[in-house]
Asks: 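Have a look at this one before I ask anything.
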Amino acid sequence: MRIMIFGARSIALGVCRAIQRLYGDFEVTGFLVTGRAGNPDTLAGLPVCELDQFRDRNICVVIATPEDTHAAIVKSLEERGFYNHICIDSGKESDLMGRYYTSTGQFKPLRTYDGHTGRTFWNDQP
């Protein structure tokens with residue numbers, strides 16, 4: 001399945017790399033942004049395209065931006081005829097990136113350490 005990632009910053013880059021590594025049946029074809037100003041021409045070797053210039057309305061758009069922007073992005077996408085989209089909220093991002101880094105062997109998620117109680121680390125007592 002071909003997908004485009006909405007966003008061109010750190011969340012989008014992490015989601016792109018994780019999808020490429022973990023989901024071989026998905027092809028990330030590039031990134032979508034609302035406007036070109038302040039955005040790179042390419043990210044991870046893939047093109048960054050302006051939403052109004054992109055024509056494939058059937059492609060799946062993975063929204064990989066801060067959560068507070070999701071509603072406005074969904075509205076903008078649907079106004080332009082993009083109805084196949086997935087929002088990567090903080091829970092999905094945490095799960096995806098945890099699986100990505102576990103697969104690379106670079107970092108272990110906190111939940112994998114011995115003695116982890118299941119509580120979030122900022123509530124854990126020393």
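The basis for the numbers below is simple: all heavy atoms, side chains too, and nothing from hydrogens, waters or symmetry mates.
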Asks: For L77 and L51, what are the C-alpha separation, side-chain angles and deciding distance, and is it a side chain to side chain contact (heavy atoms under 4.5 Å, CB included)?
Replies: CA-CA 8 Å; L77 287 169; L51 179 59; 3.7 Å; yes
Asks: Could you check whether any side-chain N or O of R36 sits under 3.5 Å from a backbone N or O of V33, counting only pairs where one atom can act as donor and the other as acceptor?
Replies: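 Between the backbone of V33 and the side chain of R36 there is no qualifying donor-acceptor contact (under 3.5 Å).
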Asks: Show me the donor-acceptor pairs within less than 3.5 Å that the side chains of residues 18-25 make with the rest of the protein, sequence neighbours left out.
Replies:
from, atom 1, to, atom 2, distance (Å)
R21, NE, S103, OG, 2.7
R21, NH2, S103, O, 3.0
Y23, OH, R99, NH1, 3.1
Y23, OH, R99, NH2, 3.0

Asks: Are the side chains of R80 and D52 in contact, using a 4.5 Å heavy-atom criterion?
Replies: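 When only atoms from C-beta onward are counted, R80 and D52 do touch, with a gap below 4.5 Å.
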Asks: Which other residues end up in the same hydrophobic cluster as Y83, if Ile, Leu, Val, Met, Phe, Trp and Tyr are linked when side-chain heavy atoms come under 4.5 Å apart?
Replies: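 Members alongside Y83: none; it stands by itself.
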Asks: Hydrophobic clustering (ILVMFWY, side-chain heavy atoms < 4.5 Å, transitive) - are V28 and I59 grouped together?
Replies: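 No, separate clusters.
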Asks: Is there a continuous path of hydrophobic side-chain contacts, each under 4.5 Å between heavy atoms, that joins I5 to F54?
Replies: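 In one cluster: no.
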Asks: Going hydrophobic residue to hydrophobic residue with side-chain gaps under 4.5 angstrom, can you get from I11 over to V61?
Replies: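 Per the 4.5 Å side-chain linkage, I11 and V61 are not co-clustered.
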Asks: In Å, rounded to the nearest 0.5 Å, how long is the span from CG of D41 to SG of C49?
Replies: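 So the CG of D41 and the SG of C49 are separated by 10.5 Å.
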Asks: For the pair N58 and N84, evaluate side chain to side chain contact (heavy atoms under 4.5 Å, CB included) and give the outcome as yes or no after the intermediate values.
Replies: CA-CA 7 Å; N58 295 317; N84 185 11; over 6 Å; no
Asks: Show the atom names and distances, to 0.1 Å, of all donor-acceptor pairs under 3.5 Å that link a side chain in residues 66-73 to residues at least two apart or in another chain.
Replies:
from, atom 1, to, atom 2, distance (Å)
E67, OE2, S90, N, 2.9
E67, OE2, S90, OG, 2.8
T69, OG1, T65, OG1, 2.7
T69, OG1, P66, O, 2.6
H70, NE2, T65, O, 2.9

Asks: Check for a donor-acceptor pair, side chain of T29 on one end and backbone N or O of M4 on the other, with a separation under 3.5 Å.
Replies: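 Between the backbone of M4 and the side chain of T29 there is no qualifying donor-acceptor contact (under 3.5 Å).
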Asks: Does V74 form a side chain to side chain contact (heavy atoms under 4.5 Å, CB included) with H85? I'd like the steps, not just the answer.
Replies: CA-CA 8 Å; V74 166; H85 47 74; 3.7 Å; yes
Asks: F82 and S76: side chain to side chain contact (heavy atoms under 4.5 Å, CB included), yes or no, with the steps?
Replies: CA-CA 9 Å; F82 293 90; S76 182; over 6 Å; no
Asks: Do Y100 and F31 sit in one hydrophobic cluster, given that two such residues count as connected whenever their side-chain heavy atoms are within less than 4.5 Å of each other, even indirectly?
Replies: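 Same hydrophobic cluster.
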Asks: Please determine whether residues I3 and I63 belong to a single hydrophobic cluster, defined as Ile, Leu, Val, Met, Phe, Trp and Tyr linked transitively by side-chain heavy-atom distances below 4.5 Å.
Replies: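 I3 and I63: separate clusters.
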